[in-house]
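Okay, so here's the structure we're looking at.
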Amino acid sequence: MTADVDDFSPTHHLAAVLYRPEDDVDALLAEFADTLLRDGERVGGIVQRNLKDDAGRSAGMLVVDLLTGREISICQPLGRGATACKLDPAGLAEASLAVSRAIAGDATLIIVNKFSKQEAAGHGLRSELAEAIIAGGPVLTAVPEKCLDAWREFTGDRSTILPCAPHVVADWWREVSAQRAGARTVLGGAAAPSAPVAPSSHPTI
């Protein structure tokens with residue numbers, strides 16, 4: 001599996017939420033995924049949740065497998081009094097499998113919590129993101145401003161960049177869903193025998 005996306009077509013179905021340090025992009029993606037799941041959508045991949053102690057300090061990170069609801073710890077505490085943690089290789093391996101299962105399971109939408117410094121450096125979930133993109137279905141992730149150039153290089157600058165706002169992400173998904181519904185209608189009509197018709201005016205998806 002290549003770590004880069006070398007030859008996929010430009011598509012509105014690949015989107016990245018661009019965020020700043022003060023933006024809670026993890027909550028945005030988690031709430032968006034929860035809404036789709038309640039609506040009966042088959043959403044796969046992972047979203048991140050950041051844990052805090054009683055004093056409000058960072059106490060680790062976990063990701064949620066959207067297909068199963070399972071929580072996966074991806075953080076190893078550095079010790080008492082530490083305010084940071086290091087990524088847990090075992091947790092990252094589980095997160096990788098969650099994304100791969102979503103791809104194999106033909107999820108309606110695959111969410112990968114983010115393309116950040118680990119992915120920009122060729123690590124983290126970079127290969128899984130590439131696999132999801134090449135599979136051709138809708139993919140949503142988040143990119144910090146400092147990694148935007150690396151993301152554009154990774155995708156060949158062929159993704160939709162979304163502001164970090166819930167209504168913008170919801171609007172993007174409505175448009176993508178409408179496009180996919182239109183494509184299924186066209187394909188379904190083409191499969192049934194009928195009299196010759198003029199070429200479809202629907203966009204190619």
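These numbers come from the heavy atoms of this one structure, side chains and all, not from hydrogens, waters or symmetry mates.
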(request) Work out which heavy atom in Thr141 is nearest to a heavy atom in Asn113; give both atom names and the distance. (result) OG1-C, 4.0 Å
(request) First locate atom CH2 of Trp173, then atom CG of Leu36, and finally report the distance between them rounded to the nearest 0.5 Å. (result) 6.5 Å
(request) Measure up the Phe115 and Trp151 rings against each other and bin them: parallel (under 30°), tilted (30 to 60°), perpendicular (over 60°). (result) perpendicular
(message) Could you measure the distance from the CD atom of Gln118 to the SG atom of Cys147? Nearest 0.5 Å is fine.
(response) 10.0 Å
(request) Compare every heavy atom of Ile72 with every heavy atom of Glu94, then report the nearest pair and how far apart it is. (result) CB-CG2, 3.7 Å
(message) For Pro144 versus Tyr19, what's the shortest heavy-atom pair and its separation?
(response) N-CE2, 3.2 Å
(request) Consider only side-chain heavy atoms of I, L, V, M, F, W and Y, link residues closer than 4.5 Å, and tell whether Leu28 and Leu66 are in one cluster. (result) yes
(message) Within the structure provided, determine whether Ile133 and His13 are in side-chain contact (heavy-atom separation under 4.5 Å).
(response) no
(message) How close do Val63 and Ala95 get, counting heavy atoms only, and between which atoms?
(response) CG2-CB, 4.0 Å
(message) Using side chain to side chain contact (heavy atoms under 4.5 Å, CB included), reason through Cys164 and Arg20 one step at a time and then give a plain yes or no.
(response) CA-CA 8 Å; Cys164 190; Arg20 299 163 296 180; over 6 Å; no
(request) Compare all side-chain heavy atoms of Pro166 with those of Glu31 and state whether any distance is below 4.5 angstrom. (result) no
(request) Test Arg42 against Asp106 for salt bridge (charged side-chain N to carboxylate O under 4.0 Å, His left out), laying out the working first. (result) CA-CA 8 Å; Arg42 183 172 170 78; Asp106 197 26; over 6 Å; no
(message) So which atom in Ala132 and which in Val139 form the shortest heavy-atom distance, rounded to 0.1 Å?
(response) O-CG2, 3.7 Å
(message) Quick test of your reading of the model: are Lys114 and Glu119 salt-bridged, counting only N-O distances below 4.0 Å?
(response) no
(request) Mind checking the CG-CD1 spacing from Leu92 to Ile74? Nearest 0.5 Å is all I need. (result) 6.0 Å
(message) Going by side-chain contact (heavy atoms from CB on, under 4.5 Å), Ser159 matches just one of Asp157, Leu162, Ile161. Which one?
(response) Ile161
(request) Could you tell me whether the side chain of Arg126 and the main chain of His123 form a donor-acceptor pair under 3.5 Å? (result) no
(request) For Asp88 and Cys75, work out which heavy atoms get closest and say how close. (result) CB-N, 3.9 Å
(request) For residues Leu109 and Pro138, determine if any side-chain heavy atom of one lies less than 4.5 Å from a side-chain heavy atom of the other. (result) yes
(message) Do Leu140 and Phe32 make a side-chain contact, defined as non-hydrogen atoms from C-beta onward lying under 4.5 Å apart?
(response) yes
(message) Less than 4.5 Å apart, side chain to side chain, heavy atoms only: is that true for Leu125 and Ile46?
(response) yes
(request) Answer whether the closest heavy-atom distance between the side chains of Val47 and Asp26 falls below 4.5 Å. (result) no
(message) Can you confirm whether Met61 sits close enough to Gln48 that some side-chain heavy atom of one is under 4.5 Å from a side-chain heavy atom of the other?
(response) yes
(message) Main chain of Glu41, side chain of Asp39: is a donor-acceptor contact present, judged purely on distance under 3.5 Å?
(response) no
(message) Within this structure, what is the CG-CD distance for the pair Asp65 and Glu71, rounded to the nearest 0.5 Å?
(response) 11.0 Å
(message) As an exercise, state the distance from CD of Glu128 to CG of Leu97, rounded to the nearest 0.5 Å.
(response) 8.5 Å
(request) Would you give the length of the straight line joining atom CG of Leu18 to atom CD of Glu145, rounded to the nearest 0.5 angstrom? (result) 5.0 Å
